There are 2 protein chains.
Amino acid sequence: MTQLDPSAEVDRIATSAKLGRKRDHTRDPEILDAAIDVLAENGFDGMTIDMVAARAKAGKATIYRRWPSKADLVLDAVACMKAGEIDFERLPDTGTLRGDLVAMIRPRSIEEAERKMRIMAGLFGMLSSSPELADAAHAAIIEPRAAVNRMFLRRAIERGEISRDCDVEMLANLIPAMAAFRLLLERKPVDAEFLVSLIDGVLLPAAGLDRRPSA
Amino acid sequence: MTQLDPSAEVDRIATSAKLGRKRDHTRDPEILDAAIDVLAENGFDGMTIDMVAARAKAGKATIYRRWPSKADLVLDAVACMKAGEIDFERLPDTGTLRGDLVAMIRPRSIEEAERKMRIMAGLFGMLSSSPELADAAHAAIIEPRAAVNRMFLRRAIERGEISRDCDVEMLANLIPAMAAFRLLLERKPVDAEFLVSLIDGVLLPAAGLDRRPSA
DNA sequence: CATATCCGAAACTGTTGAGTCTCGTATATA
DNA sequence: TATATACGAGACTCAACAGTTTCGGATATG
């Protein structure tokens, strides 16, 4: 790309081809993490490359050596956002749908969900203009949550706990959708009380299970 | 953008042919409408005052004579957003909760909801930094939709159709939340089929009504 | 030490857009 | 006609930020 001096350019190409020197790029993870942090705090438009560089204690040039533009950096950061990925091996398996769902209500997972929602909110402006980013965001942020619920529901169907006719896709999205709505649009906290009300008052009845006896 | 040329085309007379436009003392409504349009299409950060001025066929100075800043303009535009306000006199009253809810599914109201969601999406970046704007957006965009559902639910309770114990607040937000999630995060269309599935498969069962016999 | 690459810091360029200002014109009122 | 005002058009200033370039220091290798 950058040509400072013809002879130097030729020299660089020759050496790099001969030695095949390792492309370090060892700072990538720190930079991507910093990008996600800044994005979550400021949104796409409010985020600057200088902020990312400062947070990662990296030089701006280092970032531009690796990613051609801010948009590419954000796309990569979202796509690589494996931090807090769900470990399917350690998911609860309590024997009842309600047990599984309630077991997922932990400060840790709530916090994680809040963070992801904030990242998503920061991306809203870009989603319409960048389908690539929209897909990456969906895969990294929305899909993992729904997948867990889907698994719980399928398991409940297999064991005959709930009806085979119930709309698994709809129900798998129910908790994420209501949580996102409450957090982003209503700006109210998504706490255990809310989630239990949602599970007992909406999800389980819709899955064909009666309200719990207490009522 | 603008070329600095001493002997520029200052002497353009093209505009002099314009017809005598009636000068209302206030161009406020046109400007506010234009602001909402531009906001819905570009989001807060993507919207420029020049765009608003062009759309309203107004001068930039006219806008700044009325509102001290872009943020004030947007806040006012959202707060004054009465366009498409729900007419409570003409709401359906079919005698059943399902009838009322299904009667609300019309191209007109879906279109209106999509528009509001797009405006909301454009505001996301600002919501965290401006509580005033967040309140205005909530009151103008979210609350009216929920209020209608709340009324339907209360009416159904009064006539003994559904249980008095059901969570009216939660259920009133169910359709808006699922629609917003589907539209903004999943980027899928919110059509009649989706809404009917949601009503029959989730809302009515959660309200204590059985699934419809068809199954 | 010699050589080569990578990196952080920071100066720099170019563009964009918020907010200001001026001016010519249309309208209203007297 | 004279005067005052509101407006559209658009030039202007200024700051922020994307992206580029330079440079000096660190590190690695022989």
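These values consider heavy atoms only, across backbone and side chains, with no hydrogens, waters or symmetry-generated copies. Since the model is a prediction, treat every value here as computed from it, not as a measurement. Residue numbers begin at 1 in each chain, while the letters A, B, ... track the order of the sequences.
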Measure CZ/A/R65 against P/C/dT5 and give the value in whole Å, please.
13 Å
End-to-end bend of the helix from C/dC1-D/dG30 to C/dA30-D/dT1 (five-pair axes, 10° rounding)?
10°
Nearest whole angstrom, please: distance from the C1' of D/dC7 to the CD of B/E30.
12 Å
Under 3.5 Å: donor-acceptor pair, side chain of B/S130, backbone of B/M126:
no
In whole angstrom, give the distance that lies between atom CG of B/N42 and atom P of C/dT16.
15 Å
With the threshold set at 4.0 Å, does a side-chain nitrogen-carboxylate oxygen contact exist between B/R145 and B/E112?
no
If you draw the axis of the six-membered ring of A/F181, does the NZ or CZ of A/K188 fall within 45° of it and under 6.0 Å from the ring centre?
no
Between A/I63 (CD1) and D/dG19 (C1'), how many Å, whole number?
12 Å
With a 3.5 Å distance limit and no angle check, can you tell me whether B/K70 reaches the backbone of B/M47 through a side-chain donor-acceptor pair?
yes
Salt bridge check, B/E111 against B/R106: does any charged N sit closer than 4.0 Å to a carboxylate O?
no
Does a salt bridge link A/E114 with A/R118, judged by any charged N lying under 4.0 Å from a carboxylate O?
yes
Whole angstrom is fine here: how far is it from CD1 in B/I31 over to P in D/dC7?
8 Å
Contacts under 3.5 Å, N or O only, protein and nucleotides 14-18 of chain D:
residue	atom	partner	partner atom	Å
D/dA18	OP1	A/M47	O	3.1
D/dA18	OP1	A/K70	NZ	3.2
D/dA18	OP2	A/I49	N	3.2

Base, sugar-phosphate, or nothing: which does A/A61 touch, judged by heavy atoms less than 4.0 Å apart?
base
Assess whether a salt bridge exists between A/R115 and A/D37, defined as any Lys/Arg side-chain N lying under 4.0 Å from an Asp/Glu carboxylate O.
yes
Counting only side-chain N and O atoms of A/R66, is one of them less than 4.0 Å from OP1 or OP2 of D/dG19?
no
For D/dC7, does either OP1 or OP2 sit under 4.0 Å from a side-chain N or O belonging to B/T62?
no
With no hydrogens and no angle check, is any side-chain donor or acceptor of A/D100 less than 3.5 Å from a backbone partner on A/T94?
yes
How close or far is atom C1' of C/dG19 from atom CG of B/D72, stated in whole angstroms?
13 Å
Could you tell me whether A/D93 and A/R155 make a salt bridge, using a distance below 4.0 angstrom between a side-chain N and a carboxylate O?
yes
